[in-house]
Amino acid sequence: MLLVSGAIICILFFLMPQFTPDINAQVTGENKTSNKIIMHIHSNLNVTVNGKSLIVPNGIGINSTLWNDHSLDKFGTERKTTIFGMVTPAMSPLHTHDSSGTIHFESTEYRNYTLGQFLNIWGIPLEGSRVNLFIDGNSTDNYSNYVLKDREKMILKIED
């Protein structure tokens with residue numbers, strides 16, 4: 001039994017590079033690949049509404065109830081079944097895996113993504129509200145067109 005387990009682990013170890021995206025890949029020629037993740041970075045978003053914390057939910061851009069804008073779908077991943085029978089979900093290129101506020105950018109193309117695009121995917125209503133965005137402590141104009149960057153900390157303050 002131990003020998004069989006060891007053999008399976010060895011096989012998985014040698015097959016892993018085929019199925020693990022290269023997150024440090026360099027852009028060469030065309031930006032687009034064959035639905036393979038070539039860009040994977042993270043930003044952190046905290047949201048307050050009228051001074052009270054709003055949890056950024058798990059599953060934005062993955063869960064169909066939290067995936068309200070599909071305009072970026074061509075840069076995300078498709079639902080697939082792996083050779084091991086596991087099903088990988090379809091994901092928007094901007095999504096959350098938990099409620100920590102971490103926004104994942106997992107894209108099949110190197111491109112800029114904006115906070116407005118993420119908020120549209122989430123479907124959070126902001127019409128008629130005053131919205132202020134702070135990046136690493138500094139106020140930023142035009143939250144909707146703000147281009148997201150790796151490892152930044154954002155605070156979005158929404159007031160009625």
[X] (side chain) donor-acceptor with [Y] (main chain) under 3.5 angstrom:
X: S107; Y: Y110; result: no
X: T96; Y: I60; result: yes
X: S43; Y: K149; result: yes
X: D150; Y: I41; result: no

Are [Y] and [X] co-members of a hydrophobic cluster defined by side-chain heavy atoms under 4.5 Å apart?
X: I124; Y: I155; result: no
X: I62; Y: L72; result: no
X: I135; Y: V147; result: no
X: I103; Y: L156; result: yes
X: M91; Y: L94; result: no

For [X] and [Y], does a side-chain donor sit closer than 3.5 Å to a side-chain acceptor?
X: N58; Y: D98; value: no
X: H42; Y: E106; value: no
X: W67; Y: D73; value: yes

State the [atom1]-[atom2] distance between [X] and [Y], to the nearest 0.5 angstrom.
X: F75; Y: I37; atom1: CZ; atom2: CD1; result: 12.0 Å
X: N145; Y: Y143; atom1: CG; atom2: OH; result: 9.5 Å
X: K74; Y: T108; atom1: NZ; atom2: OG1; result: 9.5 Å
X: L115; Y: L45; atom1: CG; atom2: CG; result: 6.0 Å

message: E152 vs Y146, test: side-chain contact (heavy atoms from CB on, under 4.5 Å). Steps then yes/no.
response: CA-CA 12 Å; E152 66 191 346; Y146 178 74; 2.6 Å; yes
- prompt: Can you check side-chain contact (heavy atoms from CB on, under 4.5 Å) on L126 and I158, steps first, answer last?
  reply: CA-CA 8 Å; L126 296 175; I158 304 167; 3.4 Å; yes
query: If you take all heavy atoms of L66 and P57, which pair is closest and at what distance?
result: CD1-CB, 3.8 Å
- prompt: What is the minimum heavy-atom distance between I55 and W122, and which atoms define it?
  reply: O-CZ2, 4.1 Å
query: More than 12 foreign heavy atoms under 6.0 Å from CG of N50: is that the case here?
result: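 Atom CG in N50 is packed in, count exceeds 12.
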query: Should the heavy atoms of other residues, nucleotides or ligands under 6.0 Å from NZ of K157 be counted, would the total exceed 12?
result: no
query: Hey, mind stepping through R111 and F105 against side-chain contact (heavy atoms from CB on, under 4.5 Å) and telling me if it holds?
result: CA-CA 10 Å; R111 64 189 321 269; F105 312 41; over 6 Å; no
Side chains of [X] and [Y] in contact at under 4.5 Å (non-hydrogen atoms):
X: T114; Y: L119; value: no
X: F118; Y: S92; value: no
X: M154; Y: L133; value: yes

query: Step by step, would you call F134 with N46 a side-chain contact (heavy atoms from CB on, under 4.5 Å)?
result: CA-CA 10 Å; F134 297 86; N46 289 305; over 6 Å; no
query: Should the pair H40 and H104 be assigned to parallel (<30°), tilted (30 to 60°) or perpendicular (>60°) ring geometry?
result: tilted
